[in-house]
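Here is the structure we will look at, set down as structure tokens.
Worth knowing before you read on, the calculation uses all heavy atoms, side chains too, and leaves out hydrogens, waters and symmetry mates. Given the structure is predicted, the values throughout are model-derived calculations rather than measurements. Numbered from 1 within each chain, the chains take letters A, B, ... in sequence-line order.
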Amino acid sequence: MAGLPIVLLALWWVATDSSTSFYWPPLREILGTFPETWLEGRLGSDVLPSLGRLLVGYALALVLGISIGVLAGSSRTFRAVVEPPLEFLRSIPPPVLVPILILLAGVGNTMKVLVIAAGCVWPILLNTIEGVRGIDPVLRDAAAAYRLGPLTRVRHLVLRGASPQVAAGARQALSIGLILMVISEMFAASNGLGFTIIQFQRGFAIPQMWSGIVLLGLVGVLLSLVFRVVEGRLLAWYHGQRAAERKG
Amino acid sequence: MTHTATTRTGGLGGRRSATDLATSSPVLGLAGVLGLVGLLEALPRLGVVDRRFFPPFSEMVAALGELVGTSEFWEALAQTLRGWALGLAVAAGAAVVVGLVIGSQPWLRAVTASTVEFLRPIPSVALIPLAVLLYGTQMQATLILVVYAAFWQMLVQVLYGVQDVDPVARDTARSFRFGTLRRVRAVLWPTALPYVMTGFRLAAAVALVLEVTGELIIGSPGLGRLLASAQTAGAVDTLYAIVLVTGMLGIVVNLGARTVERRSLRWHPSQRRDVPA
Amino acid sequence: MLDVRGLTKTYATGVQAIGDLTFSVQRGEFVCIVGPSGAGKTTLLRCIGGLLEPSGGEVELAGKLVTAPPADMAVVFQEYGRSLFPWMTVAQNVELPLKEKGLDKARRRELVQESLEAVGLADMTGAHPWQLSGGMQQRVAIARAVAYEPTVLVMDEPFAAVDAQTRAELEDLVRGLWARLGVTVLFVTHDIDESVYLANRVVVLSGRPTEVLGTVEVDLPAERDQLETRSSERFGELRHRVYGLVQDAKRGVRPGDVR
Amino acid sequence: MLDVRGLTKTYATGVQAIGDLTFSVQRGEFVCIVGPSGAGKTTLLRCIGGLLEPSGGEVELAGKLVTAPPADMAVVFQEYGRSLFPWMTVAQNVELPLKEKGLDKARRRELVQESLEAVGLADMTGAHPWQLSGGMQQRVAIARAVAYEPTVLVMDEPFAAVDAQTRAELEDLVRGLWARLGVTVLFVTHDIDESVYLANRVVVLSGRPTEVLGTVEVDLPAERDQLETRSSERFGELRHRVYGLVQDAKRGVRPGDVR
Amino acid sequence: AGDDGGTTESASGLDQVTVGIIPILDVAPIYLGQDQGFFEDEGIELTLESGQGGAAILPGVESGQFQFGFSNNTSLLVAKDKGLDVRIVAAGNSTTGEVGADFSAVVAPEGSGIEDAADLEGKRVAVNTLNNIGSTTINDAVREAGGDPSSIDYVELGFPDMPGALSGGQIDAAWVVEPFLSITQGQGAAPVLWNFAEADPELMVASYFTSGSTADADADLVERFASAMETSLEYAEQNPDEVRRIVQTYTSLDAEAAEGVTLPAFPTDVDQDSLQRLAELAVEDGALSEVPDIGSMLP
Ligand SMILES: Nc1ncnc2c1ncn2[C@@H]1O[C@H](COP(=O)(O)OP(=O)(O)OP(=O)(O)O)[C@@H](O)[C@H]1O
Ligand SMILES: Nc1ncnc2c1ncn2[C@@H]1O[C@H](COP(=O)(O)OP(=O)(O)OP(=O)(O)O)[C@@H](O)[C@H]1O
Ligand SMILES: [Mg+2]
Ligand SMILES: [Mg+2]
């Protein structure tokens with residue numbers, strides 16, 4: 001489980017150990033700068049604000065993506081109407097979107113949260129639509145025959161039935177969120193993990209920049225571990241059902 | 001007597017109206033696009049956003065009209081499309097192969113999980129200096145970004161899709177002792193296909209976004225560079241004209257994906273005609 | 001109570017499942033439907049349940065045209081396994097429709113408990129459907145319908161997956177329910193003995209496109225007993241008549257040809 | 001041919017499905033297994049099929065320990081609907097295992113055609129499983145197993161969803177196949193008459209955790225006929241014995257208590 | 001990649017040279033030089049590759065993708081400080097030195113109450129890159145005016161995004177260069193501080209540079225490039241109309257806008273004092289740890 005990353009890190013270490021390239025410093029040096037770069041204050045002043053924005057933006061994307069996704073997945077008409085405009089918006093590069101968001105939401109945290117949400121929402125939305133569309137017709141019949149009302153149906157049939165695919169989208173959105181966290185901090189930021197990495201890059205503090213990328217990776221692993229725990233609880237029935245394969 | 005059968009249980013609100021299938025989806029899609037256009041026209045005109053920085057749709061179109069008259073635009077468009085298609089093809093192919101291989105072997109999945117999580121969130125934009133180091137401002141620099149970003153989009157979808165195989169179907173395949181290849185082709189792949197299609201649509205858009213962003217930031221040739229030059233010159237309407245083009249590319253890509261889907265997923269509940277959509 | 005008039009159904013694939021079907025069921029009647037595999041029985045039930053739009057004709061229930069799933073009807077689906085929510089436990093599966101009906105918690109718990117006991121699954125409340133055997137899943141689906149206390153109960157081969165002994169018990173359960181609550185029951189089965197044992201009337205359908213091939217009134221006494229009733233002479237006669245009709249259906253005889 | 005020795009299976013949930021099961025099947029035998037719903041019949045078949053790891057004991061087939069799905073065995077699953085691949089047509093579903101077996105195209109087509117004809121679905125080759133009725137789906141699953149020409153055929157309530165008439169035909173089909181090809185058949189059913197009609201030997205299982213409660217040798221002549229055999233006196237006796245055992249099982253009698 | 005800056009010869013016997021530039025007003029001379037054949041005269045066949053800012057150009061020069069690059073001087077000083085061997089080979093552009101008529105200024109909306117450098121205290125000011133040439137020169141001016149530069153809330157924003165943010169009130173003031181200076185002025189913003197001109201009337205803002213390895217391996221080429229650059233700069237300085245013309249060929253600036261902008265000065269000499277001054281300012285603001293050895297950065 002932890003084997004492969006260790007092997008890769010070891011490879012990295014060996015491959016760059018005698019590196020003199022300015023842009024490819026030895027891993028030794030990168031890890032060496034790590035504590036002073038991050039542990040002396042930046043964790044609180046940069047990493048936490050970033051994570052806060054990420055979580056808010058991600059939560060917003062979840063709410064938007066799932067609710068629009070359920071609507072679009074449930075109604076052919078609604079889907080046909082909203083799909084092209086959504087596809088249009090989806091194809092606009094965030095660096096172009098940012099100025100517009102600045103016009104609408106200023107240069108503060110709101111704008112960054114919106115940038116993150118605007119990027120995260122797509123995988124969640126698309127997966128929710130497809131997940132809802134793929135629900136077993138027999139189950140749908142059962143729900144209809146017992147006249148489960150719209151709310152019950154959404155909660156107990158649609159959301160649960162689509163949840164495996166929604167989880168796929170949410171998982172993906174998490175790392176997109178991380179990427180957009182960095183992108184949003186390229187514009188009008190004054191703190192943050194991404195901001196700091198870019199400042200290092202601009203200031204040619206290359207080992208520090210690399211240490212930031214490593215930290216970004218660590219944050220990604222951490223978040224995905226949390227995600228796995230949450231997913232494990234919400235989809236216990238699903239994983240149980242799939243795992244009953246050989247060992248029972 | 002033989003009108004297309006619909007059920008009464010579509011969606012949330014009970015019955016689906018008969019117009020649901022009667023009105024064809026391109027017409028409805030057009031309505032959606034017109035709605036967006038209306039919004040883009042109205043917002044600046046009503047002063048919700050400053051029209052000097054966000055011109056009304058009509059002005060964007062006018063600028064687009066000028067733009068399409070230049071050979072420079074078509075050249076840039078071709079370059080963008082080429083980089084995008086190449087990157088997407090490489091990423092999609094690699095992700096499907098890797099995803100099926102990893103997904104079909106539980107132990108491989110366990111071994112690679114943490115590595116995937118580590119590599120995935122590294123922002124492609126953070127790779128820009130490395131890409132430039134390797135390829136300067138040539139097309140390959142942007143290509144790296146495109147492949148890197150699109151690959152993960154597809155891979156995660158494939159992995160989740162492979163996991164979705166029905167336990168009884170899986171038992172069936174095992175009891176008939178399907179070989180690995182047959183199992184992948186006849187069981188894993190069709191199950192994963194809906195996920196793969198979603199992954200492809202996601203990856204296509206992300207690849208386009210990164211192609212343009214890469215061109216914008218690195219300065220490799222394409223629409224992005226055109227955009228950058230409009231930006232640095234403060235030519236707002238030209239800028240949005242290019243944004244319009246990328247958006248329209250997105251719509252076209254989605255139409256294509258939907259067509260492929262309708263053909264390859266005919267069996268899937270989402271495509272069946274006699275059951276609720 | 002239930003009127004099916006000139007019903008036809010052709011699927012999008014062009015398969016005509018229901019030919020031209022007319023029959024009616026009185027309030028409080030117990031009607032069994034038998035017919036060859038692939039005739040169109042499930043299709044018929046789905047039309048009656050408001051789950052499928054007929055291609056022609058109409059279904060009227062309690063004086064109202066059926067256009068959506070009607071109130072107070074409970075359905076046991078032939079694909080029992082897939083009709084249970086895999087993310088819910090057995091008890092939750094049974095309870096959900098009751099919640100929707102607006103029953104209070106105490107009453108719900110009571111109904112869930114009772115119905116699961118009746119199908120012999122009182123000790124399985126916390127299990128998920130996929131942890132159950134086929135027969136147990138089917139019994140959960142039956143419990144769900146029974147707990148719902150419907151006025152119309154529609155069942156599509158509900159006892160196909162249970163053993164003979166349990167089947168007999170469940171037959172008596174449904175009959176008891178019917179007698180006690182005055183439910184109207186529409187019951188599809190492949191077991192001819194079962195159809196005669198349970199019903200007031202057996203409707204035999206022809207092969208696809210299905211129509212009513214014949215109807216057998218079951219004039220056995222209301223009080224029935226697995227051993228006694230089944231060994232009675234009248235039972236044998238009725239059974240024989242139904243059997244004859246089913247064989248006709250299977251041979252491809254159409255309503256016009258017969259009787 | 002098949003030896004099940006001291007088999008036990010406890011699911012991860014703590015449910016002990018199989019108690020301590022030992023029995024064996026000779027090459028070319030036709031063994032029917034009956035037992036109460038939820039006893040552990042499907043669990044047993046999954047262990048024999050190498051699809052489920054036993055908790056204890058072992059399964060030996062043709063002298064080899066079963067650890068993975070053994071060669072030349074075909075299984076008809078109780079959840080027939082879900083065991084068909086929805087993305088393939090009926091013909092493709094039947095053909096797929098034959099491809100895997102390496103048969104050439106002509107032979108495959110022949111087998112597909114023959115087996116679908118035998119189950120009465122020759123005109124449905126191009127349809128997808130979800131366009132079929134429940135009984136038709138089940139017959140496709142049967143056709144798939146039959147076309148495979150296995151040496152061991154394992155069937156889990158394969159006729160549960162078809163009408164009486166078709167059921168009789170399919171019974172004769174499987175019996176015919178068994179007689180013609182010398183296949184070893186393991187057949188789970190809830191229909192006691194069916195078990196006696198089909199088998200050389202009927203194994204009755206106790207309730208959960210399941211063990212062998214009793215075995216009934218069926219000494220009817222090999223040549224069997226739906227009308228004649230079923231109405232013979234010996235049939236009635238055997239039927240009665242199996243019925244008694246099943247009732248015991250249902251009442252919770254364990255192997256030690258009996259006889 | 002990375003062939004030590006070696007050049008290849010084209011069929012015509014010219015050395016093929018790629019230069020990484022940012023497609024803005026400031027690089028007009030090199031385009032003019034290419035247009036006028038000054039580089040061919042020196043045996044150089046020039047290819048201009050546009051990148052967006054130093055982040056893309058410096059690695060390109062370092063790896064040998066580009067033989068030369070264009071960058072602002074503070075970035076070069078920072079790179080030097082961090083151990084990159086950068087060599088300045090030619091001047092890029094300079095302030096006009098005229099307060100009131102430079103190509104770079106800090107602007108604030110009319111009537112905002114910000115009238116001079118000291119008023120920037122405690123305000124939100126946009127610069128295109130934090131801790132770079134913009135903020136160090138502004139800080140200096142604020143200090144000179146008796147203000148406390150550390151109270152300024154700098155935000156990083158691309159030049160193109162500044163006019164919108166300024167008129168939308170998202171920021172209080174913005175450091176802009178042409179053509180955005182003209183654009184913001186057209187919107188009714190007023191210059192409050194001419195940061196380059198005020199920092200040093202002869203401030204050299206940007207330079208053309210190469211990597212140490214290229215400079216050492218091919219000194220002759222560097223010399224020829226520098227010489228062609230000099231000719232180009234001089235030509236640009238003498239022919240502002242040519243500058244306004246050529247700018248329209250590589251940017252999206254239209255003729256009207258190109259007429260209106262204030263051009264930078266294009267002196268031919270690399271101004272060592274400017275580098276010293278910029279380095280000191282950067283040290284003062286903490287962007288540099290110490291003033292690097294400027295002598296080693298020069299040809
Ligand atoms: N979704 C569908 N699309 C197309 N044809 C269908 C569909 N569902 C059922 N059919 C066809 O309609 C006919 C009747 O099917 P139905 O399920 O009503 O039969 P049934 O009487 O319930 O049979 P069984 O006893 O085997 O369950 C069959 O021929 C079947 O192929
Ligand atoms: N995946 C599982 N996890 C936990 N328990 C299970 C699982 N599958 C089956 N069981 C339990 O094992 C017992 C035996 O199940 P099995 O499916 O073998 O019964 P069966 O004899 O085939 O019954 P039926 O005739 O109803 O199909 C049941 O009590 C069931 O609840
Ligand atoms: Mg049916
Ligand atoms: Mg079973």
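- In this structure, chain C has no heavy atom under 4.5 Å from any part of Glu194(D).
- Here the straight-line distance linking atom OG1 of Thr189(C) with atom CG of Asp163(D) works out to 10.5 Å at 0.5 Å rounding.
- By number of non-hydrogen pairs under 4.5 angstrom with chain C, the leading residue of Gln131(D), Lys250(D), Gln138(D), Gln247(D) is Lys250(D).
- Looking at Ser37(D) and Met136(C), their side chains come closer than 4.5 Å, going by heavy atoms from C-beta outward.
- Between chain D and the residues Glu157(C), Glu79(C), Lys41(C), the largest count of heavy-atom pairs under 4.5 Å involves Glu157(C).
- Across Gly35(D), Ala39(D), Pro36(D), the residue that shares the most heavy-atom pairs under 4.5 angstrom with chain C is Pro36(D).
- Annotation: side chain of Arg167(C) is not in contact with side chain of His190(D) (no heavy-atom distance under 4.5 Å).
- If you measure heavy-atom distances from Thr166(C) to chain D, the contacts under 4.5 Å come from both the backbone and the side chain.
- Of the atoms belonging to Tyr243(D), it is side-chain heavy atoms, and not backbone ones, that fall under 4.5 Å from chain C.
- In this structure, chain D has a heavy atom under 4.5 Å from the side chain of Arg208(C), while its backbone stays farther away.
- Atom CD of Gln226(C) is surrounded by more than 12 heavy atoms from other residues, nucleotides or ligands within 6.0 Å.
- Of all non-hydrogen atoms in Ala164(D) and Ile192(C), the two that sit nearest each other are CB-CD1, 4.3 Å.
- Interface summary for chain D: among Gln137(C), Met124(C), Gln78(C), the most heavy-atom pairs under 4.5 angstrom belong to Gln78(C).
- Residue Asp193(C): no heavy atom, backbone or side chain, is found under 4.5 Å from chain D.
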